[in-house]
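Side chains included, hydrogens not; waters and symmetry mates left out as well; all remaining heavy atoms used. Owing to the predicted nature of the structure, the values given are computational and were not obtained by experimental measurement.
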Amino acid sequence: MAAAASAAADGAEEPSMEAEAQELPLGCGGEGGSPAAGRSPEGEGRRDPLQASVSNGGDAESGKELVELKVIWNKNKYDVKFCLDSTGAELKQKIHSLTGLPPAMQKVMFKGLLPEDKTLREIKVTNGAKIMVVGSTINDVLAVNTPKEAAQQEVKAEENKKEPLCRQKQHRKVLDKGKPDDVMPSVKGVQERLPTVPLSGMYNKSGGKVRLTFKLEQDQLWIGTKERTEKLPMGSIKNVVSEPIEGHEDYHMMAFQLGPTEASYYWVYWVPTQYVDAIKDTVLGKWQYF
């Protein structure tokens with residue numbers, strides 16, 4: 001009798017160990033991981049390990065089509081598998097869980113600004129797509145916003161006391177050269193997002209050609225001339241001022257304040273008016289508050 005009981009006990013242990021080995025499928029969206037998860041006496045609810053999708057934190061469930069993304073923020077890169085039928089707003093929530101950056105303070109770029117109300121499938125996101133994220137945490141914003149606002153108010157007060165910038169002698173010598181033949185076309189009365197190509201064909205204060213490239217993934221502004229390219233962290237730019245050019249109101253003259261005084265202004269002439277607000281918002285980070 002004792003031998004029979006021992007044999008029965010041995011026989012009961014072996015199926016249990018084998019069952020545990022089969023209860024460790026890799027779950028989609030991080031649902032797996034616990035040997036007891038999803039177990040039932042009849043074995044219902046088990047998933048075949050060969051059919052399970054591996055995800056590093058996506059919310060997709062089994063059966064939903066996933067797409068592999070490379071999310072880049074502040075020099076950090078995250079490999080993410082995400083549901084292709086999820087919206088841009090849902091992707092922002094995922095980015096929040098990865099970076100701690102609140103959705104309202106994210107600027108997510110994929111072939112332009114990522115629409116929140118469309119799915120990744122609708123905007124034709126494919127495997128391996130790069131998703132660029134620009135934004136600062138609340139602590140970062142509080143640290144830098146107050147000095148920038150104070151600088152802006154001081155500059156505006158000074159501007160109100162002076163004659164129009166385009167009439168001042170230092171600017172007239174550049175503007176009198178006329179509009180460059182290869183400057184980008186302007187669209188008056190319209191506000192557009194930054195183009196995917198550099199803004200080119202403009203003049204700097206010495207009358208040389210200059211181009212502006214906005215490297216959102218690096219949070220930098222590149223100012224390029226024939227001689228060299230200056231790579232400026234956007235956080236180092238204290239302010240951006242602009243004014244329409246008299247007689248050519250569809251173009252602006254614009255300055256980037258790189259230091260504490262006006263002597264640090266880097267002037268750019270013949271900026272198409274439809275990009276002026278987008279340039280200011282991108283450099284100064286105003287979009288973070290919407």
Side-chain angles (χ1 to χ4, degrees), residues 107 109 111-113 132 134 148 151-152 155-156 158-159 162-287:
K107 188 171 188 178
M109 310 293 293
K111 297 180 179 178
L113 194 64
M132 305 298 178
V134 180
K148 281 191 175 183
Q152 279 185 278
V155 170
K156 286 181 179 179
E158 288 298 321
E159 286 177 349
K162 298 178 180 179
E163 64 179 336
L165 294 171
C166 58
R167 296 182 186 175
Q168 296 177 17
K169 183 177 179 180
Q170 61 171 324
H171 303 304
R172 280 259 53 101
K173 65 180 182 180
V174 179
L175 294 174
D176 286 346
K177 292 171 60 112
K179 185 174 71 174
D181 294 334
D182 57 344
V183 72
M184 297 181 71
S186 65
V187 182
K188 192 174 181 180
V190 175
Q191 295 182 7
E192 296 184 3
R193 293 181 296 188
L194 292 176
T196 56
V197 298
L199 291 173
S200 59
M202 301 168 292
Y203 290 139
N204 59 19
K205 65 179 180 180
S206 63
K209 287 297 181 67
V210 64
R211 64 184 177 277
L212 302 178
T213 306
F214 294 87
K215 293 289 186 177
L216 299 181
E217 68 276 13
Q218 300 175 32
D219 201 26
Q220 291 182 346
L221 168 62
W222 291 11
I223 302 178
T225 63
K226 183 178 179 181
E227 294 78 20
R228 61 181 180 176
T229 298
E230 296 283 350
K231 300 180 180 180
L232 305 174
M234 291 192 193
S236 69
I237 300 174
K238 304 296 187 297
N239 195 26
V240 181
V241 298
S242 69
E243 181 182 287
I245 299 174
E246 283 187 343
H248 300 274
E249 282 74 14
D250 49 344
Y251 288 92
H252 279 229
M253 50 188 295
M254 176 176 287
F256 300 95
Q257 185 177 346
L258 308 182
T261 66
E262 291 186 12
S264 67
Y265 281 7
Y266 188 99
W267 285 99
V268 179
Y269 304 86
W270 302 101
V271 179
T273 186
Q274 69 268 26
Y275 299 128
V276 169
D277 286 345
I279 292 173
K280 291 181 178 179
D281 290 351
T282 299
V283 172
L284 300 177
K286 288 184 180 180
W287 51 267

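Side-chain N/O atoms of Lys111 and Thr196 include no donor and acceptor closer than 3.5 Å.
Ile237 and Leu284 make their closest contact through O-CD2, 4.3 Å (heavy atoms, listed as atom of the first residue, atom of the second, distance). The shortest non-hydrogen separation linking Met202 to Leu199 is CE-O, 3.2 Å. The two atoms that bring Trp270 and Tyr203 nearest to each other are CD1-CD1, 3.9 Å, heavy atoms only. Across Glu246 and Glu249, no two heavy atoms sit closer than the pair CA-OE2, 3.5 Å.
With rounding to the nearest 0.5 angstrom, the CE atom of Met253 is 6.5 Å from the SG atom of Cys166. In this structure, NZ in Lys107 is found 10.0 Å from CG in Asp219, a value given to the nearest 0.5 Å. Expressed to the nearest 0.5 Å, how far CG of Leu194 lies from CZ of Phe214 amounts to 5.5 Å. Of the inter-residue distances, the one linking Met254 atom CE with Ile245 atom CD1 reads 10.5 Å to the nearest 0.5 angstrom.
At distances below 3.5 Å, at least one donor-acceptor pair connects side-chain atoms of Gln257 with backbone N or O atoms of Gly259. Of the possible donor and acceptor atoms, one in the side chain of Arg193 sits under 3.5 Å from a partner among the backbone N and O of Leu113. Without hydrogens or angle criteria, Thr282 side chain to Ile279 main chain gives no donor-acceptor distance under 3.5 Å.
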Using side-chain contact (heavy atoms from CB on, under 4.5 Å), reason through Ile223 and Thr229 one step at a time and then give a plain yes or no.
CA-CA 6 Å; Ile223 302 178; Thr229 298; over 6 Å; no
Pair Leu221, Thr213 - check side-chain contact (heavy atoms from CB on, under 4.5 Å), show working.
CA-CA 6 Å; Leu221 168 62; Thr213 306; over 6 Å; no
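Looking only at side-chain heavy atoms (C-beta outward), Phe256 and Val268 come within less than 4.5 Å of each other. At least one side-chain heavy atom of Glu217 sits under 4.5 Å from a side-chain heavy atom of Lys215. Residues Pro260 and Lys238 form no side-chain contact, since every pair of their non-hydrogen atoms from C-beta on lies 4.5 Å or further apart. Inter-residue side-chain proximity for Glu243 and Val241 is flagged as unmet; no heavy-atom pair is nearer than 4.5 Å.
Every residue was checked against the ring pair (Phe, Tyr, Trp, His ring centres under 6.0 Å) condition with Tyr275, not counting sequence neighbours, and none meets it.
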Let me have the donor-acceptor pairs involving side chains of residues 174-191, under 3.5 Å, with sequence neighbours excluded, atom names and distances please.
| from | atom 1 | to | atom 2 | distance (Å) |
| --- | --- | --- | --- | --- |
| Asp176 | OD1 | Arg172 | NE | 3.0 |
| Asp176 | OD1 | Arg172 | NH2 | 2.9 |
| Asp182 | OD1 | Lys209 | NZ | 2.7 |
| Asp182 | OD2 | Lys209 | NZ | 3.1 |
| Ser186 | OG | Asp250 | OD2 | 2.8 |
| Gln191 | NE2 | Asp277 | OD2 | 2.7 |

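The aromatic rings of Trp267 and Tyr265 stand perpendicular to each other, their planes meeting at an angle above 60°, with 30° marking the opposite boundary.
Between Tyr269 and His252, a ring centre-to-centre spacing not shorter than 6.0 Å is recorded.
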